[in-house]
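Shown next, in structure tokens, is the structure this report addresses.
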Number of protein chains: 2
Amino acid sequence: MKPRTPTDFVILGTLIPGERHGYEIMRFLESALEGAWRVSTSQLYVLLKRMEQEGLVVSRSEAQDIRPSKRVFHVTPLGRDAFEAWVNRPVPHVRDLRMEFICKLFFFRHLSLPGAMKLVLAQIDAIEALQERIRKHPKGEKDAFLNLLYGFKARNIECLLRWLKEEAATFADKYSS
Amino acid sequence: MKPRTPTDFVILGTLIPGERHGYEIMRFLESALEGAWRVSTSQLYVLLKRMEQEGLVVSRSEAQDIRPSKRVFHVTPLGRDAFEAWVNRPVPHVRDLRMEFICKLFFFRHLSLPGAMKLVLAQIDAIEALQERIRKHPKGEKDAFLNLLYGFKARNIECLLRWLKEEAATFADKYSS
DNA sequence: AGAATCATGTAAGGGGTTACATGATTCG
DNA sequence: CGAATCATGTAACCCCTTACATGATTCT
């Protein structure tokens with residue numbers, strides 16, 4: 001299984017509750033995720049086609065009298081497994097907290113999935129491991145630029161950890177079955 | 001003038017002190033920016049070629065007896081102008097602080113450019129404008145996910161502003177002519 | 001009358017990646 | 001003897017974006 005982009009999983013997630021056609025997926029992402037995850041319409045159809053070739057989704061054509069006919073997609077067991085593996089896996093990089101991790105939390109709530117708290121805790125562990133690696137860098141370095149860079153990283157990681165422990169954990173606790 | 005990627009400007013910046021060939025640029029970026037900005041070797045040569053077509057740099061071939069011959073690049077006035085405009089312009093998005101903005105500060109120090117403090121202040125203004133837009137979002141919203149999302153953004157921006165005002169400003173103050 | 005909605009796509013191009021090719025030299 | 005350094009590139013592929021095409025319907 002080759003590595004997939006988060007967009008694939010976001011699309012899979014919107015199909016978990018039941019079948020939908022492309023246009024519906026688009027509108028759902030625009031309204032529910034409001035800027036948390038953007039997919040252009042053209043890219044959406046490209047991805048759906050590729051995901052069907054890879055067996056993550058299947059589609060059937062549905063004729064309509066007035067409107068153009070739709071292609072309705074639903075998730076296969078393979079697709080469902082891929083989504084579940086993704087949604088329970090913490091993101092590896094700090095930069096992915098901003099969007100991808102928050103999207104995962106969205107789906108925990110949207111789909112009433114269990115284990116949101118487990119994910120948050122695993123994510124905290126992952127980020128704390130990164131924090132350790134930054135701490136290893138000597139602080140009283142002669143290179144002022146590197147000090148600035150590591151200062152940024154250290155502060156940022158601290159801030160994100162606080163968010164994870166306070167707001168994300170609260171969210172996971174409240175809004176997940 | 002079409003919008004360029006930061007990588008273009010980073011390459012231009014390394015050429016400001018004097019001419020260099022591709023391999024030298026590569027090693028400089030690896031050592032001095034240490035992970036703050038990555039360019040793969042293949043991409044570097046592609047970019048240099050395109051930048052020459054666009055008139056930002058010029059190259060001449062330099063034969064060597066033993067080693068393969070080098071192409072030595074230097075910046076044109078056009079390229080210098082483009083770099084200076086870039087380095088003095090605050091980044092428009094929060095996500096660009098992480099790498100691009102820090103790279104700018106690097107060049108202020110590396111090239112002993114004036115105006116680092118001015119950039120930091122302009123950047124603070126730009127980020128504070130974004131902060132205002134986030135503050136406009138109603139807080140006691142019914143949608144728990146949006147609250148989480150905006151909570152994240154608000155906290156993150158706060159943390160970044162603190163870094164800008166404390167560490168980045170100090171750096172700009174100390175290490176710029 | 002013009003804009004937005006519904007609905008699905010193709011085409012072109014931009015920016016990036018990894019893998020590969022070449023070929024001598026010097027270091028461990 | 002094998003690995004790293006020096007030095008420049010090409011090829012294939014990936015993901016994404018914008019622009020464009022179609023064509024009826026409903027809202028303003």
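Reminder, nothing fancy here: chain letters follow the sequence lines and each chain counts from 1. The shown structure was predicted, so the numbers you read here are calculated from the model rather than taken from an experiment.
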- Just to confirm, is there a sub-4.0 Å distance from OP1 or OP2 of dG16(C) to any side-chain nitrogen or oxygen of Q43(B)? yes
- Phosphate OP1/OP2 of dG9(C) contacted by R71(A) side-chain N/O (<4.0 Å): yes
Step through it carefully: locate the ring centre of H93(B), locate the ring centre of F101(B), and say whether they are under 6.0 Å apart. no
Atom CG of L47(B) and atom P of dG15(C) are separated, to the nearest Å, by 8 Å
Check: Can a side chain N or O of R4(A) be found less than 4.0 Å away from OP1 or OP2 on dC14(D)?
Finding: no
cation_pi(R109(A), F145(B)) dist<6.0 Å, angle<=45: no
- Message: Can you see if the side chain of S40(B) gets near the phosphate of dT18(C) - specifically, an N or O under 4.0 Å from OP1 or OP2?
- Response: no
Regarding the side chain of Y23(B), the nearest nucleotide among dC16(D), dC6(D), dG16(C) is dC6(D)
Separation of dT8(C) atom P from M26(A) atom CE, nearest Å, is 10 Å
Inset, instruction - Look at the side-chain N and O atoms of R50(B) and state whether any lies under 4.0 Å from the OP1 or OP2 oxygen of dG14(C). - result: no
Atom CG of L48(A) and atom C1' of dA7(C) are separated, to the nearest Å, by 13 Å
note: W37(B), atom CH2; dG15(C), atom P; distance rounded to Å ~ 13 Å
I11(B) atom CD1 is separated from dG15(C) atom C1', nearest whole Å, by 12 Å
Separation of dA7(C) atom P from K70(A) atom NZ, nearest Å, is 5 Å
When rounded to whole Å, the CD to C1' distance for the pair E52(B) and dT8(D) reads 14 Å
Margin query: Are F171(B) and F108(B) an aromatic pair, judged by ring center distance below 6.0 Å?
Written below: no
Side-chain contact check for T41(B): nearest option of dG9(D), dC6(C), dT17(D) is dG9(D)
Q: Decide, yes or no, whether a salt bridge links R95(A) with E100(A) under the criterion of side-chain N to carboxylate O below 4.0 Å.
A: no
Out of dA19(D), dA19(C), dC16(D), minimum distance to the side chain of S42(A) belongs to dA19(D)
note: R60(A), atom CZ; dA7(C), atom P; distance rounded to Å ~ 14 Å
Does dG15(C) have OP1 or OP2 sitting under 4.0 Å from an N or O in the side chain of T5(B)? no
Of R27(B) and V46(B), the one whose closest nucleotide on DNA chain D sits nearer the 5' end is R27(B)
Does dT10(C) have OP1 or OP2 under 4.0 Å away from a side-chain N or O of K49(A)? yes
Between F28(B) and H110(B) (judged by ring centroids, cut-off 6.0 Å), do the two rings come close enough to count as a pair? yes
